[in-house]
There are 2 protein chains.
Amino acid sequence: MAGVSTDPADLAVRRATRTALNPDVVLDAALTLFAQRGYHGTALSEIAEVLGVRTPSLYNHMGSKHDLLRTIVDRTTAGVLADFHRVLDPADTPTRQLREATRVYVHRHATHRREALVVNRDTGSLSEPAFGEMQARRREHEHALRAVIAAGVAAGEFRVESPALASFAIREMSVSVARWFSPEGALSAEAVAEQYSAFALRIVGAS
Amino acid sequence: MAGVSTDPADLAVRRATRTALNPDVVLDAALTLFAQRGYHGTALSEIAEVLGVRTPSLYNHMGSKHDLLRTIVDRTTAGVLADFHRVLDPADTPTRQLREATRVYVHRHATHRREALVVNRDTGSLSEPAFGEMQARRREHEHALRAVIAAGVAAGEFRVESPALASFAIREMSVSVARWFSPEGALSAEAVAEQYSAFALRIVGAS
DNA sequence: CGGTCAAACTAACGAGCGTTCATCAGCCCG
DNA sequence: CGGGCTGATGAACGCTCGTTAGTTTGACCG
């Protein structure tokens, strides 16, 4: 935009293509670009451009660039935990618990790919206390999954030498679905989630 | 360094702590910082600082910041392929091939964690033709692993519905070892590699 | 010792960034 | 219609960044 046209017809075109801004659309645009280019690889001016406004206008709808990241990470990690707790029925067998926990985890990574990509790549750019809070939620999920596997081993349902290793393997293969999954692909998110939870049960040697 | 001291004693201390620069030490410092902070999150001045020189001095030993990234990615992806081809014996059974392929892949990610972290995070910042070359190598590895799994299914050694999905799961859980592995941890790189290759065989339902 | 060269430095360039500020425009309400 | 408010703009701030260019320094060799 080296020379901004003041021709009334041009101004009308720009208004017509302009999105009505609000915090949600700003966050959504940020999410898309952060996922594509990374947090540091995305300039606020790029977010402004896709929204059809100038960079300073974003500040009417957001606090700071860091706030965008923090919000994305907080919501995503809280969502992961909420999924887990929603499907975890203490009365269930470890086998069923692991299957369900894996299924919702994979499903989230297939259906919220942008969030997953950002959370997996850019949490190192969070300032405290956001960084510490993110780590605590991540650790909570990790320990809970590991506990399911350990309970399965203790109950004789699973045969695996290291519940910790199995937990890492299962979590990480699930997270990485976000990297390759495409809604236009041959498999639905549900199908992938089912297959991956079957893989999880195989990893732990579920009988 | 707002005020650089010209006191001879201070100058002597700075020289004493200064690393003799060469392209390898620059690349090594870059690798460490890129792995920790990301490519865009690392300023050349930070690399210069850990090496005890001023930023422009780096240019005696490197072409550009992008060159550093390109070199890291090229070497790493070439190494992954070399590992694979080294252990892949066409006369082996698919089971043995998958075990070995997974083992060296995991081992590399446990023993070259910095490289893995950079390659998994920052290849999006590569310009062409480096980006295309990196993708070609990545695809080559992926297709080769998938072919091993498909051959195992065809030979009746593996029972898995989708060799492609299994390949993704195995590759991604292996790659992610770089995120959590610690040489000071309870398990050695070899032990983790063995466990993970056992997981891989379970995922494909190897008999 | 003097000359040469490599690599260190300082200074600077041009570009870009996130953010603030003052102003303007548009909309709504009394 | 006028006033107030919200949200847009352009201008600017202060800073950082990757890189270039000129100068200085130190080591080596004849």
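In what follows, every chain begins at residue 1, and chains take the letters A, B, ... in the order their sequences are listed.
A close approach under 4.0 Å does not occur between any side-chain nitrogen or oxygen of S57(B) and OP1 or OP2 of dA7(C). For H61(A) and dA8(D), the shortest distance from a side-chain N or O to OP1 or OP2 is below 4.0 Å.
Looking at E100(A), its side chain never comes within 3.5 Å of a backbone N or O of Q97(A) through a donor-acceptor pair. Side-chain N or O atoms of H66(B) include one that pairs as donor or acceptor with a backbone N or O of S127(B) at under 3.5 Å.
Atom CG of L58(A) is separated from atom C1' of dT20(C) by 14 Å (rounded to the nearest Å). Between N60(A) atom CG and dG26(C) atom P there is a gap of 16 Å when expressed in whole angstrom units. For R54(A) and dG18(C), the CZ to C1' distance is 15 Å, given to the nearest whole Å. The distance from atom CG of L69(A) to atom P of dC17(C) is 17 Å, rounded to the nearest whole Å. Atom CG in L51(B) sits about 13 Å away from atom C1' in dA8(C), given to the nearest Å. The distance between atom CD of E49(B) and atom C1' of dT16(D), rounded to the nearest whole Å, is 15 Å. Regarding H40(B), its NE2 atom lies at a distance of 19 Å from the P atom of dT16(D), rounded to whole Å.
The S45(B) side chain lies nearest to dC17(D) when the options are dT9(D), dA8(C), dC17(D).
Taking H107(B) as the reference, nothing meets the ring pair (Phe, Tyr, Trp, His ring centres under 6.0 Å) condition, with sequence neighbours excluded. Residues passing the side chain to side chain contact (heavy atoms under 4.5 Å, CB included) test with L44(B), sequence neighbours excluded: I47(B), T55(B), L58(B), Y59(B), M62(B), K65(B), L68(B).
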With the criterion being N/O to N/O and under 3.5 Å, what pairs connect the protein with nucleotides 19-24 of chain D, and how long is each?
residue: dT19(D); atom: OP2; partner: Y59(B); partner atom: OH; Å: 2.6
residue: dT19(D); atom: OP2; partner: K65(B); partner atom: N; Å: 3.0
residue: dT19(D); atom: O5'; partner: Y59(B); partner atom: OH; Å: 3.0

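For the residue pair R37(B) / T42(B), no side-chain donor-acceptor distance below 3.5 Å is found, with atom types taken as modelled.
Within the 6.0 Å centre-distance limit, the rings of Y105(B) and H141(B) are counted as a close aromatic pair.
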